[in-house]
There are 2 protein chains.
Amino acid sequence: MPPRTKRRTSIADVAKLAEVSVGTVSNVLNRPDRVSPATRERVESAIAELSFVRNGSARQLRAGTITTAGAIVLDIANPFFTDVARGIEDRLDEAGYTLMLASSDEDPEREARYLRLFEEHGVQGVMVVPSGPEIEHLLTLRERGLRIVLLDRPSPDPSVSSVAVDDRAGAAAAARHLLDLGHEHLAFLNGPHTIRQCADRSAGLRDALSEAGLDVDEALEEITITALNADGGQAGTEQILAMDARPTATMCVNDLTALGALRTLRAAEVPVPSGMAVVGYDDVTFAGELATPLTSVRQPMHRLGHRAADLLLAESEAPEQVVFQPELVVRESTTGTG
Amino acid sequence: MPPRTKRRTSIADVAKLAEVSVGTVSNVLNRPDRVSPATRERVESAIAELSFVRNGSARQLRAGTITTAGAIVLDIANPFFTDVARGIEDRLDEAGYTLMLASSDEDPEREARYLRLFEEHGVQGVMVVPSGPEIEHLLTLRERGLRIVLLDRPSPDPSVSSVAVDDRAGAAAAARHLLDLGHEHLAFLNGPHTIRQCADRSAGLRDALSEAGLDVDEALEEITITALNADGGQAGTEQILAMDARPTATMCVNDLTALGALRTLRAAEVPVPSGMAVVGYDDVTFAGELATPLTSVRQPMHRLGHRAADLLLAESEAPEQVVFQPELVVRESTTGTG
DNA sequence: CGCGCGCGATGAATCGTTTCAACGTTACCA
DNA sequence: TGGTAACGTTGAAACGATTCATCGCGCGCG
């Protein structure tokens with residue numbers, strides 16, 4: 001990329017044209033009330049004539065302050081993070097801030113690189129979905145004055161702010177819904193427990209089963225799938241269908257997985273929900289639009305992002321751990337007549 | 001938000017600790033080959049010890065160059081733009097650039113505000129999906145040295161680069177597919193022609209019909225829907241079902257609309273495709289996962305973004321108008337046995 | 001008439017980096 | 001041995017804004 005050739009017009013050019021000092025131009029820009037209406041107008045028309053735009057780097061360098069925040073999510077193409085990002089953007093927008101956004105693809109090195117870039121650019125703070133369990137690197141960032149907010153992850157360190165959704169409660173609510181409908185033998189298509197969300201959702205499910213007085217080992221068939229998408233759902237469902245004592249309901253770690261499950265059940269001519277009830281997680285846009293509308297656990301993604309930005313912008317330095325409660329959305333995949 | 005209090009450690013601190021001049025530290029940072037291994041190592045360990053991070057504002061101020069680009073899309077929560085953004089990010093990442101991202105919500109004022117913010121931050125250029133037909137404001141930006149790339153919109157001005165998808169060809173391909181299958185009476189659930197994509201897709205459809213020697217007025221029922229989503233699709237489809245001479249195929253302006261159409265057909269017990277073939281547009285992730293997998297026109301969204309970033313980063317100042325060809329993905333909603 | 005006050009405007013210092021002309025060493029060759 | 005080329009390092013200027021001590025001026029008051 002070639003360097004920008006044209007020199008940007010500076011505050012000095014404006015000052016010369018308006019026949020005032022640079023300090024006065026700066027005052028017009030930042031404290032218009034301190035300058036007399038006559039000169040102010042002269043300066044303003046000079047600004048307009050030169051179509052002057054102030055140089056944010058110089059401004060930031062001297063004033064130290066900046067109106068940019070960074071966010072690092074796992075993958076912006078994932079609808080969950082998309083909605084979170086939109087929530088962040090909306091809140092920052094209210095405050096006149098701009099957002100620098102990046103996807104880490106769960107690669108800690110990529111995450112670190114973006115963090116450094118953001119820090120160099122002088123962001124006020126970063127909202128980050130950590131790629132790994134470690135958050136040491138974030139603590140050192142904070143020591144250098146950046147504000148840190150953990151996204152979609154309760155903070156292991158009470159001094160760091162975080163916003164998350166209670167996955168354990170969400171999974172428990174879904175399980176209770178199935179128990180209420182009379183299901184006593186559940187399958188759970190889940191990812192590996194190294195992923196926090198997967199571990200938490202498993203725990204929530206087990207909570208609900210024990211609460212109901214069931215023997216968890218008997219009542220729950222947890223099947224670990226590697227791909228948390230439709231193909232993973234299909235593979236897992238095929239396993240379930242091959243079982244001798246087939247569960248009567250399947251819970252899925254997310255809606256894409258549920259999509260694969262529904263597809264497989266349809267192919268096997270197992271009616272939903274009478275032959276097998278299905279529950280998803282996330283409540284993505286199309287969940288309600290499927291052939292069999294999907295019961296799912298809705299996460300307040302937009303609010304998650306909004307609140308994260310809120311914490312970042314907060315006057316107070318006091319850390320805060322926000323946990324949202326998810327909401328079960330009941331549809332025909334559990335209560336229908338199919 | 002309270003100001004950052006701690007003074008960041010500067011290149012001078014590093015220089016003092018390493019007992020060299022600031023110029024040398026700068027050389028270690030930017031042209032390590034020009035400094036002797038001994039001093040380089042001394043400087044590097046001083047950097048590590050102080051955990052020094054260079055101040056991007058000062059760097060940018062002096063060097064004039066910066067590795068940030070901006071992008072403004074209509075709505076980052078829309079899967080189409082999400083994938084485009086991801087393509088942009090991936091390309092920028094290769095070049096070590098960071099992305100500032102914003103959604104304009106089709107509000108020209110919001111767009112203008114973000115453009116100004118980006119310019120103040122000194123971005124090298126912006127990729128923008130214009131909110132309105134006017135691009136005057138972008139031309140003035142370019143005069144001030146920013147690079148401009150239009151997204152998802154062929155440029156009306158040959159001096160401005162752009163990347164777009166050929167909507168007319170995409171719609172024509174879909175129509176030809178339906179004609180090949182023997183359909184001679186089509187419905188088109190489309191948005192208002194003030195939206196460029198809608199107008200282009202309508203034109204493409206008409207192209208294909210005329211080519212096939214059909215009387216367009218007879219063969220095409222274009223129904224204007226206001227909401228380009230599932231509800232709009234439902235309302236439109238109900239209109240179609242109420243027609244005396246019912247078309248045998250329905251083309252939809254996007255996949256969400258098609259989703260609504262499928263839902264309505266199912267409720268009316270019209271088999272797809274034997275009673276009514278359905279085609280969508282965009283080929284979003286779930287299009288292939290529906291009860292009746294949806295034939296759709298795939299847009300190369302990721303490549304769109306990737307290429308846009310490419311143009312922005314290009315050495316050459318020569319403007320380029322890139323038009324991608326969409327690809328028809330045939331599935332059971334047109335060729336199935338249902 | 002003189003003094004002090006307050007309002008506006010001034011301009012130099014400052015932020016932290018990059019860049020570059022200049023300088024001191026060392027090495028090499030005539 | 002003297003001259004020069006190459007190399008590594010230095011130190012100060014420059015980027016463009018903000019900030020603040022200072023100054024000039026007009027006005028009111030004693």
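By convention in this document, chain letters (A, B, ...) are assigned in the order of the sequence lines, proteins followed by strands, and residues within each chain are numbered from 1. Because only heavy atoms are used, hydrogens play no part in the values below, and waters and symmetry mates are left out as well, while side chains stay in.
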- Message: Reading 5' to 3' and counting Watson-Crick or G-U wobble pairs with both distances under 3.5 Å, write the dot-bracket notation for DNA chain C, | for bases paired outside the strand.
- Response: ||||||||||||||||||||||||||||||
- With distance as the sole test, does B:Thr82 use its side chain to make a donor-acceptor pair with the main-chain N or O of B:Asn78 at under 3.5 Å? yes
- Query: How long is the line joining NZ of A:Lys16 and P of C:dT10, in whole Å?
  - Reply: 15 Å
- Message: What is the distance, to the nearest angstrom, from the CG atom on B:Leu61 to the C1' atom on D:dA14?
- Response: 9 Å
- Any salt bridge between B:Arg42 and B:Glu19, counting N to O under 4.0 Å? no
- Query: Would B:Glu111 and B:Arg116 pass as an ion pair if we require N to O under 4.0 Å?
  - Reply: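 No, no charged N to carboxylate O under 4.0 Å.
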First locate atom [atom1] of [X], then atom [atom2] of [Y], and finally report the distance between them rounded to the nearest 0.5 Å.
X       : Y        : atom1 : atom2 : answer
B:Tyr97 : B:Thr68  : OH    : OG1   : 8.5 Å
A:Ile76 : B:Leu99  : CD1   : CG    : 9.5 Å
B:Glu89 : A:Leu101 : CD    : CG    : 6.5 Å

For a quick check under 3.5 Å, do [X] and [Y] share a side-chain donor-acceptor pair by atom type?
X        : Y        : result
B:Gln321 : B:Ser162 : yes
B:Asp105 : B:Ser103 : no
A:Ser104 : A:Ser131 : yes

Might you list the N or O atoms of the protein lying below 3.5 Å from N or O atoms in nucleotides 17-21 of chain D, with each pair's distance?
from: D:dA17; atom 1: OP1; to: A:Asn55; atom 2: N; distance (Å): 3.3
from: D:dA17; atom 1: OP2; to: A:Ile11; atom 2: N; distance (Å): 2.2
from: D:dT18; atom 1: OP1; to: A:Asn30; atom 2: OD1; distance (Å): 3.4
from: D:dT18; atom 1: OP1; to: A:Asn30; atom 2: ND2; distance (Å): 3.0
from: D:dT18; atom 1: OP1; to: A:Arg59; atom 2: NH1; distance (Å): 2.6
from: D:dT18; atom 1: OP2; to: A:Ser26; atom 2: OG; distance (Å): 2.7
from: D:dT18; atom 1: OP2; to: A:Asn30; atom 2: ND2; distance (Å): 3.3
from: D:dT18; atom 1: O2; to: A:Arg62; atom 2: NH1; distance (Å): 3.2
from: D:dT19; atom 1: OP2; to: A:Arg31; atom 2: NH2; distance (Å): 2.7

- Query: Among residues 34-50 of chain A, which contact DNA chain D at a heavy-atom distance under 4.0 Å?
  - Reply: none
- Query: Counting just side-chain N and O atoms, does B:Ser21 come under 4.0 Å of either OP1 or OP2 of D:dT9?
  - Reply: no
- Query: According to a strict under-4.0 Å criterion, is A:Thr24 in side-chain N/O contact with OP1 or OP2 of C:dA9?
  - Reply: no
- Query: Is it true that atom CD of A:Glu94 has more than 12 heavy atoms of other residues, nucleotides or ligands lying nearer than 6.0 Å?
  - Reply: yes
